[in-house]
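Below, chain A is the first sequence line, B the second, and so on; all start at residue 1.
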2 protein chains.
Amino acid sequence: MDEQDHPPAGYHHGNLRQALLAAARELLEERGPGALGLREIARRVGVSAPSAYHHFASLDAIAASLAEQGFTEFAEQLEAAPTNAGGMLAPTGEAYIAFARANPALYRLMFGEGLRGASRESKAVRALRQRAYEKVKAGLRKRLPADEVPAAALFLWSLTHGLALLMIDGQVDAGADASALIRQVLKLSGTGLPSAG
Amino acid sequence: MDEQDHPPAGYHHGNLRQALLAAARELLEERGPGALGLREIARRVGVSAPSAYHHFASLDAIAASLAEQGFTEFAEQLEAAPTNAGGMLAPTGEAYIAFARANPALYRLMFGEGLRGASRESKAVRALRQRAYEKVKAGLRKRLPADEVPAAALFLWSLTHGLALLMIDGQVDAGADASALIRQVLKLSGTGLPSAG
DNA sequence: ACTACAATCCTAACACTGTAAAGATAGTCT
DNA sequence: AGACTATCTTTACAGTGTTAGGATTGTAGT
């Protein structure tokens, strides 16, 4: 039975779980959150569908696991954003949107799409979202009176989240230089809009 | 065969199509976009599943129809926003978010969740989204140089869309007076944030 | 009014899905 | 070696969206 040459060693198959997650992630980005299917995942790994139940409690658990994995990478990339330590917010925003654009389906999954029932309320996923959010707040506390922080953080997160989703959905025709447009939009979070209020 | 007392008159059943749409919409808000099921819809109307195919080409077509219906109501409520004609943008933003909060699942459906394949690319739905967007742009043109309008419009839309989704997902604990927080956040679109750029 | 017709609805069936139960197969430990 | 446990498989069940073909009803034509 040499169905694969990866040598990761392990038990029977050559540690499944991760193979399932890898296949799931490929499928996710190939065909979107709604097309995540347990049988298709197993098919790609070359294994029978129910065998997945030795490693995951359900398809939702696989999706939740992907979401967690996504949040981990997300946090890494946000913290690695250039001059993040310097106190500038825009570079973090750009990294945020870069991640979403590089992993569109994963990003949508992380924010609830394709998760049916249980894992939509998943404590793990929700906690991870909140942790990312707390980082933004911490950055703002250095520069704003405490009572303005919540609204300011929500403002920044809404703007970035919304822009990311609109771009992912192909709803904004960014043309050739998307990053220029992104920078332009994010910069408005500093200056504001004339007579918008 | 008196399975219902609604007298809407019509053909055989007493115009299905709309009954299906009504049931679909109830189901949608009750159990979310992912739980939209043709068989369940038919069940609620008291009719056999395949009969829906005389009125809709597929389940996706039902979902797309709901989305269209949603956009229509959406546009109405946005235009009815107080002092919209006066040129203020914030009231429109509040109406935007009010709609999303009143019809959370429908709002998500309108922006792509739960639509598999075809209708995600649906021209009708996409056109409706664009039309709503053009209205925002038109409002901005009166107050900004032309070359700043696209970024400004995208800025406003991203902020509002993102805030709406975060609130819908229960990701922001708005507490008792959500509208106060909403107003506070939207107001920041006018003033901007110190040293955010 | 009676007939032809077209629209509407139904039952039966297909290919698919997620999941449960029970049996085969390999690796591990004493 | 033998017992045991973890892993994977076949089989089966209830559910889904969708298609094909037959029954039923309302509409139009003469």
Side-chain angles (χ1 to χ4, degrees), chain A residues 1-4 6-24 27-28 30-66 109 114-120, chain B residues 1-4 6-21 23-24 27-28 30-66 109 114-120 122:
Chain A
M1 290 120 173
D2 49 1
E3 52 244 307
Q4 58 186 44
H6 297 224
Y11 359 116
H12 205 159
H13 166 102
N15 102 338
L16 203 51
R17 191 181 167 100
Q18 279 185 328
L20 288 171
L21 282 176
L27 175 58
L28 173 67
E30 259 177 49
R31 314 223 317 251
L36 254 192
L38 195 150
R39 280 184 133 108
E40 173 68 18
I41 294 172
R43 211 173 285 134
R44 291 186 175 214
V45 178
V47 90
S48 212
S51 57
Y53 283 85
H54 286 267
H55 304 272
F56 299 95
S58 68
L59 172 61
D60 254 57
I62 297 185
S65 204
L66 281 181
L109 187 74
L115 300 187
R116 311 157 306 173
S119 47
R120 182 151 230 154
Chain B
M1 288 117 173
D2 48 1
E3 53 242 310
Q4 58 185 45
H6 297 223
Y11 357 119
H12 204 159
H13 166 100
N15 105 338
L16 204 51
R17 189 181 168 99
Q18 279 186 328
L20 289 170
L21 282 177
L27 175 57
L28 173 67
E30 258 177 48
R31 311 223 318 252
L36 255 193
L38 195 150
R39 280 182 133 110
E40 173 69 18
I41 295 171
R43 212 172 285 136
R44 291 183 177 216
V45 178
V47 89
S48 211
S51 56
Y53 284 85
H54 286 267
H55 304 273
F56 298 95
S58 66
L59 172 61
D60 254 58
I62 296 184
S65 204
L66 281 181
L109 187 75
L115 301 187
R116 312 155 306 172
S119 47
R120 183 150 228 153
S122 156

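- Taking all atoms of both residues into account, the shortest heavy-atom contact from B/G37 to B/L27 is N-CD2, 3.8 Å.
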Between B/N15 and B/Q18, is the side-chain contact (heavy atoms from CB on, under 4.5 Å) condition met? List the steps. CA-CA 7 Å; B/N15 105 338; B/Q18 279 186 328; 3.5 Å; yes
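- Here the C1' atom of nucleotide D/dT9 and the NE2 atom of A/H54 are 9 Å apart, to the nearest Å.
- Atom NE2 of residue A/H55 and atom OG of residue A/S65 lie 12.5 Å apart, to the nearest 0.5 angstrom.
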Derivation of the side-chain contact (heavy atoms from CB on, under 4.5 Å) call for B/Y53 and B/L38: CA-CA 10 Å; B/Y53 284 85; B/L38 195 150; 3.6 Å; yes
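- For the pair B/I41 CD1 and D/dG15 C1', the interatomic distance rounds to 15 Å; values are reported in whole Å.
- B/L16 has its CG atom 16 Å from the P atom of D/dT25, to the nearest Å.
- One atom, CZ of B/F56, and another, C1' of D/dT19, lie 19 Å apart when rounded to the nearest Å.
- Side chain of A/S48 to backbone of A/S51: no donor-acceptor contact under 3.5 angstrom is found.
- Straight-line distance from the OH atom of A/Y53 to the C1' atom of C/dA21: 13 Å, rounded to whole Å.
- If you measure from atom CG of A/N15 to atom P of D/dC8, you get 9 Å, rounded to the nearest angstrom.
- One can place NE2 of A/H55 at 17 Å from C1' of C/dG18, the figure rounded to the nearest angstrom.
- For the salt bridge (charged side-chain N to carboxylate O under 4.0 Å, His left out) test, residues two or more places apart in sequence or in another chain that qualify with A/R43 are A/E40.
- Note on A/S48: a base of the nucleic acid sits closer than 4.0 angstrom, heavy atoms only.
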Give me, pair by pair, the N or O atoms of the protein and of nucleotides 13-17 of chain C that are less than 3.5 Å apart, along with how far apart they are.
{"unit_1": "C/dT17", "atom_1": "OP2", "unit_2": "A/R43", "atom_2": "NH2", "d": "3.1"}

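- With distances taken from any side-chain atom of B/S58 to the nucleotides D/dT18, D/dC8, C/dT11, the minimum falls on D/dT18.
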